[in-house]
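Report on the structure given below.
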Amino acid sequence: VIKPKDFYKYKQGVLHAEGVSVERILKQFGSPVYIYSQSALVKPLQALKRALKPLHATPCFAVKSNSNIAILNLLKSEGAGMDIVSGGELYRCGLVKVPGKDIVFSGVGKTAEEIREGLFYDSNGIFAFNVESIAEISKINDVAKSIGRSAPIALRFNPNVDAKTHPYISTGLKKNKFGISKSNILSHFAWIMELENVELKGISIHIGSQILGLSPLKDAFGSTEKLIIEIEKLAGQKIEFVDLGGGLGIQYKKEKIPDIDAYGKLIKKHFGKGSKIGHALRVIIEPGRVISGNSGILVSKVLFKKQNGTKKFLIIDAGMNDLIRPALYQSYHEIVPVRKAFSNAPFDSYEIVGPVCESSDCFGSTRKFSKKIDSEDSVAILSAGAYGFTMANQYNSRPLPPEVLVSGSNYRLIRERQDYSDLVSGEQI
Ligand SMILES: *Cc1c(COP(=O)(O)O)cnc(C)c1O
């Protein structure tokens with residue numbers, strides 16, 4: 001289990017990211033600031049790779065969870081492929097030279113332009129488009145035909161499985177917009193096989209995010225294994241790969257999370273030697289949060305302390321625009337003081353809120369900090385590496401914060417803080 005506290009520890013009373021003082025980073029780059037631990041990024045990736053041995057398996061990092069190009073470059077150099085959901089993410093992959101054979105393109109609404117970019121990427125194109133509707137298959141066929149190519153596709157199967165997570169990040173139910181139902185796949189199968197400019201290579205699934213138990217995945221893997229057997233019979237040919245999506249949960253509070261080795265075993269049971277499919281397939285997984293989530297923290301200065309009625313507030317200089325998860329999903333993030341002394345009694349109980357003009361701009365409720373904490377002190381919001389910076393926006397005309405990557409006692413800026421001119425870039429009076 002990867003915990004933020006393995007990478008973010010107090011030394012001489014000050015929070016450190018690996019070997020670097022968070023106060024030093026604050027001093028140099030200002031507040032608020034995102035900080036990532038390199039070893040926290042690499043460890044889960046390596047654990048996944050180990051757990052999938054000896055399969056021909058590729059973890060394709062879900063770029064949308066954290067798309068900074070320094071992080072993509074790091075993960076690529078550690079053997080990850082990429083799972084993308086837009087042409088913009090493909091562009092990022094190109095900047096760090098991720099090989100096309102290690103890129104899968106998911107998403108319910110690909111445009112013709114994005115499909116073309118996928119086909120032309122790295123001259124030979126990406127590994128596969130995970131198609132999410134019958135209409136999309138038609139469109140990919142048309143685009144591929146117009147440039148005289150054949151497009152590799154995987155059908156994203158909607159297994160109608162409840163991932164038992166927050167409804168906004170649940171994607172594997174029949175009522176969700178994602179994937180294609182089994183009956184729809186089967187009724188269009190002959191048509192798909194006849195298309196001249198798409199080549200059916202795989203089946204993909206992704207049932208949701210922050211999944212805390214393996215049982216929904218077990219159900220989804222079982223249905224997928226069955227579907228592959230049926231399809232191979234119908235097609236009279238082998239399916240080359242299966243893409244099992246992402247979704248592994250991480251510890252934000254004290255949740256019990258899926259064990260990576262048990263996850264690997266489950267995959268091997270359904271798609272390895274023991275599988276009823278009867279031949280080897282390439283296995284792709286699309287981990288996002290499990291790699292990036294606990295690598296990152298958002299550090300923010302306390303601006304003011306105030307009291308309204310019985311409620312005590314710590315107003316910090318990070319807002320919901322910098323980290324939207326608590327406002328959007330009512331998600332919990334642990335918040336710790338940068339100076340350890342402020343986690344000591346006597347306590348007060350605080351609402352940790354940002355400056356944005358919305359009451360949902362709240363990072364945590366009834367959090368205990370020392371009565372002594374006050375303006376100029378700072379706090380770290382933990383587990384902010386996934387869907388943190390990538391979901392940040394400029395609401396209230398707030399420039400995006402900088403990002404810093406730490407490795408041991410080294411650190412470097414991997415994205416500059418925006419300034420006011422960035423706010424109006426492209427605008428015209
Ligand atoms: C978001 C997403 C992922 C990553 O999900 P995590 O929960 O971050 O692992 C993987 N695959 C697809 C298709 C996605 O949309």
Side-chain angles (χ1 to χ4, degrees), residues 4-5 8 10 13-15 17 22-23 25-27 29-35 166 168 251-255 293-294 296-389 391-403 417-418 420 423:
K5 283 168 187 171
Y8 296 94
Y10 292 101
V14 178
L15 189 67
V22 167
E23 284 192 341
I25 292 174
L26 270 175
K27 204 163 172 190
F29 302 111
S31 174
V33 55
Y34 272 97
I35 301 174
H166 190 283
Y168 291 5
Q251 219 169 44
Y252 285 96
K253 204 173 186 179
K254 292 209 163 62
E255 304 94 328
N294 273 330
I297 62 175
L298 174 62
V299 181
S300 175
K301 255 195 180 150
V302 177
L303 294 171
F304 303 107
K305 202 156 112 164
K306 84 181 244 184
Q307 188 159 356
N308 267 355
T310 55
K311 292 237 183 217
K312 293 193 167 73
F313 295 90
L314 285 182
I315 300 169
I316 62 175
D317 67 1
M320 63 187 280
N321 68 297
D322 300 304
L323 175 67
I324 205 173
R325 297 190 68 259
L328 188 60
Y329 313 118
Q330 292 78 46
S331 60
Y332 180 94
H333 285 263
E334 201 166 325
I335 306 173
V336 301
V338 169
R339 290 251 154 194
K340 189 168 197 284
F342 296 122
S343 50
N344 297 339
F347 299 117
D348 265 331
S349 184
Y350 296 99
E351 307 296 297
I352 315 298
V353 301
V356 171
C357 302
E358 295 256 355
S359 288
S360 60
D361 186 23
C362 177
F363 293 108
S365 196
T366 62
R367 302 299 180 91
K368 279 194 169 138
F369 285 94
S370 157
K371 282 178 183 296
K372 291 192 191 134
I373 194 165
D374 211 331
S375 50
E376 297 305 306
D377 298 325
S378 34
V379 297
I381 304 173
L382 308 186
S383 311
Y387 309 102
F389 188 90
M391 291 180 99
N393 59 75
Q394 299 172 328
Y395 185 43
N396 278 208
S397 284
R398 293 167 48 82
L400 294 174
E403 296 177 284
R417 181 184 302 284
Q418 287 190 334
Y420 290 150
L423 294 177

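With respect to the salt-bridge test (charged N to carboxylate O, under 4.0 angstrom), the residues Glu403 and Arg417 do not qualify.
For the pair Arg325 and Tyr168, the cation-pi criterion (under 6.0 Å, within 45° of the ring axis) is not fulfilled.
Using a 4.5 Å heavy-atom cutoff, the side chains of Lys312 and Lys306 are not in contact. Considering only heavy atoms from C-beta on, Asp377 stays 4.5 Å or farther from Phe369 through its side chain. The side-chain heavy atoms of Arg339 and Lys372, taken from C-beta on, include no pair separated by under 4.5 Å.
Under a 3.5 Å cut-off, the side chain of Gln418 and the backbone N or O of Leu400 do form a donor-acceptor pair. Within the 3.5 Å criterion, the main-chain N or O of Ala392 finds no donor-acceptor partner in the side chain of Asn321. Under a 3.5 Å cut-off, the side chain of Arg398 and the backbone N or O of Asp322 do not form any donor-acceptor pair. Under a 3.5 Å cut-off, the side chain of Asp361 and the backbone N or O of Val356 do form a donor-acceptor pair. A donor-acceptor pair under 3.5 Å is absent between the side-chain atoms of Ser370 and the main chain of Phe342, judged by distance alone.
Across every non-hydrogen atom of Ile35 and Tyr8, the tightest pair is O-OH, 3.2 Å.
For the side-chain contact (heavy atoms from CB on, under 4.5 Å) test, residues two or more places apart in sequence or in another chain that qualify with Phe347 are Ala345, Lys368. In this structure Lys340 satisfies the salt bridge (Lys or Arg N to Asp or Glu O under 4.0 Å) test with no other residue, sequence neighbours excluded. For Tyr10, there are no ring-ring contact (aromatic ring centres under 6.0 Å, His included) partners two or more places apart in sequence or in a different chain.
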Might you work through the side-chain contact (heavy atoms from CB on, under 4.5 Å) test for Tyr387 and Leu328, ending with a clear yes or no?
CA-CA 11 Å; Tyr387 309 102; Leu328 188 60; over 6 Å; no

Criterion side-chain hydrogen bond (donor to acceptor under 3.5 Å, both in side chains) on Asp317 and Ser31, from CA distance to verdict
CA-CA 7 Å; Asp317 67 1; Ser31 174; 2.8 Å; yes

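Relative ring orientation between Tyr252 and His333 is described as perpendicular, the plane-to-plane angle rising above 60° on a 0-90° scale split at 30° and 60°.
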